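None of the values given here were measured: they were computed from a predicted structure.
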Amino acid sequence: IDAMTGKTVWRTNEFAVWESIGISADGEQLYLRGMTDTLYCVSTSGTTPKLLWKTDCKYGFDSNPSMPVEQDGVVFFGSKSGIVSALDAKTGAIRWQYDTVKARTNTVTPIDAQGVVVATMDGDVLYLREAK
């Protein structure tokens, strides 16, 4: 959608995604968390969607409305099953995943490229940091 005019630039039914959509810090990519296992990265330029990468993150069926968030070249997101993932924003390679003991996660809050704050719907708040 063009932010200035409100007109639809492109629309597609190619990806099985609900409301779990995030945008990169520079506005160049959309991150679409699929309903089953997959995170897609789509370019925002042009008048047709262009898939840049897709990654099988193995989180299962997911209807959780938490969106992917990019920080310093890393895309973070949580899932219905409690798995929190961190992927390289350029390639989609999984950097790490953490299981929060099967609790739905809200939209995560990245601190930097290594760390993220996660709140679960069970009331837990976690700070997860990539191991060096």
Side-chain angles (χ1 to χ4, degrees):
I1 298 173
D2 183 304
M4 299 301 289
T5 66
K7 293 179 82 175
T8 299
V9 176
W10 57 259
R11 181 184 175 131
T12 182
N13 291 322
E14 184 177 347
F15 311 104
V17 176
W18 285 346
E19 60 278 307
S20 302
I21 299 172
I23 192 162
S24 63
D26 63 8
E28 298 291 318
Q29 292 89 235
L30 289 177
Y31 303 110
L32 316 172
R33 191 168 52 80
M35 293 182 341
T36 305
D37 291 325
T38 307
L39 185 70
Y40 303 94
C41 178
V42 179
S43 174
T44 59
S45 63
T47 57
T48 59
K50 178 183 174 191
L51 180 66
L52 301 176
W53 53 258
K54 67 178 181 177
T55 301
D56 182 351
C57 299
K58 301 188 184 340
Y59 51 76
F61 176 77
D62 196 335
S63 58
N64 196 34
S66 64
M67 61 187 191
V69 182
E70 187 258 332
Q71 173 81 35
D72 299 331
V74 180
V75 182
F76 298 95
F77 66 93
S79 69
K80 175 179 105 173
S81 63
I83 296 171
V84 177
S85 301
L87 282 69
D88 183 278
K90 290 191 185 304
T91 67
I94 296 173
R95 292 175 58 136
W96 57 263
Q97 290 183 301
Y98 181 82
D99 190 341
T100 65
V101 191
K102 308 295 181 227
R104 283 182 182 262
T105 57
N106 297 305
T107 298
V108 301
T109 303
I111 303 302
D112 55 28
Q114 288 78 39
V116 63
V117 175
V118 179
T120 71
M121 291 189 185
D122 285 351
D124 294 325
V125 177
L126 307 161
Y127 175 62
L128 303 177
R129 188 149 186 88
E130 182 174 23
K132 297 246 177 187

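- No chain of hydrophobic side-chain contacts below 4.5 Å, direct or via other Ile, Leu, Val, Met, Phe, Trp or Tyr residues, connects V116 to V69.
- Within the 4.5 Å cutoff, no side-chain heavy atoms of F76 are placed close to those of L128.
- When all heavy atoms of G78 and V108 are compared, the pair lying nearest together is N-CG1, 4.1 Å.
- In this structure the side chain of M67 never reaches within 4.5 angstrom of the side chain of Y31, judged on heavy atoms.
- With N106 contributing its side chain and A119 its backbone, the two residues share a donor-acceptor pair below 3.5 Å.
- One hydrophobic cluster, built from ILVMFWY side chains closer than 4.5 Å, cannot hold both L87 and V74; they sit in different ones.
- Two residues are said to be in side-chain contact when any heavy atoms from C-beta on lie closer than 4.5 Å; D88 and W53 fail this criterion.
- When all heavy atoms of Q114 and D112 are compared, the closest pair comes out as N-OD1, 2.9 Å.
- A donor-acceptor contact shorter than 3.5 Å is absent between the side chain of S43 and the backbone of K50.
- Taking a 6.0 Å sphere around CE of M35, one finds it holds more than 12 heavy atoms contributed by other residues, nucleotides or ligands.
- Minimum interatomic distance between I1 and V9 (heavy atoms only, all atoms of both residues): C-CG2, 4.1 Å.
- Counting heavy atoms from C-beta outward, Y98 and V118 have side chains that stay 4.5 Å or more apart.
- Linking Ile, Leu, Val, Met, Phe, Trp and Tyr residues whenever their side-chain heavy atoms come within less than 4.5 Å places W10 and I21 in a single cluster.
- Within the model, atoms CZ of F15 and OG1 of T38 stand 10.5 Å from one another, a figure rounded to the nearest 0.5 Å.
- Rounding to the nearest 0.5 Å gives a distance of 11.5 Å between CG of L52 and OG1 of T91.
- We find that D62 and R104 are not joined by a salt bridge, their nearest charged nitrogen and carboxylate oxygen being 4.0 Å or further apart.
- Scanning all heavy atoms of the two residues, the minimum distance from T105 to S79 falls at OG1-N, 2.9 Å.
- Remark: side-chain polar atoms of D2 are not paired, donor with acceptor, to backbone N or O of K7 under 3.5 angstrom.
- The closest donor-acceptor contact from the side chain of R33 to the backbone of P68 lies at 3.5 Å or more, if one exists at all.
- Distance alone, capped at 3.5 Å, places no donor-acceptor pair between the T109 side chain and the V117 backbone.
- Expressed to the nearest 0.5 Å, how far CD1 of I94 lies from CG of D56 amounts to 7.5 Å.
- A donor-acceptor pair under 3.5 Å links the side-chain atoms of S20 to the main chain of N64, judged by distance alone.
- No donor-acceptor distance shorter than 3.5 angstrom exists from the side chain of S85 to the backbone of F77, with no hydrogens or angles considered.
- Between the side chain of Q97 and the backbone N or O of C57 there is at least one donor-acceptor pair closer than 3.5 Å.
- Looking only at atom types and distance, the side chain of S24 has a donor-acceptor partner in the side chain of D26 under 3.5 Å away.
- Looking at E70, its side chain does come within 3.5 Å of a backbone N or O of A25 through a donor-acceptor pair.
- Following chains of ILVMFWY side-chain contacts shorter than 4.5 Å, one cannot reach I83 starting from W96, and the two form parts of different hydrophobic clusters.
- Put simply, the side chain of T55 never gets that close to the backbone of L39: no donor and acceptor are under 3.5 Å apart.
- Hydrophobic clustering (side-chain heavy atoms under 4.5 Å, transitive across Ile, Leu, Val, Met, Phe, Trp, Tyr) groups V125 together with I111.
- D37 and Y59 get closest at one heavy-atom pair: OD1-N, 2.9 Å.
- Heavy-atom minimum distance, A113 versus R95: O-NH2, 3.9 Å.
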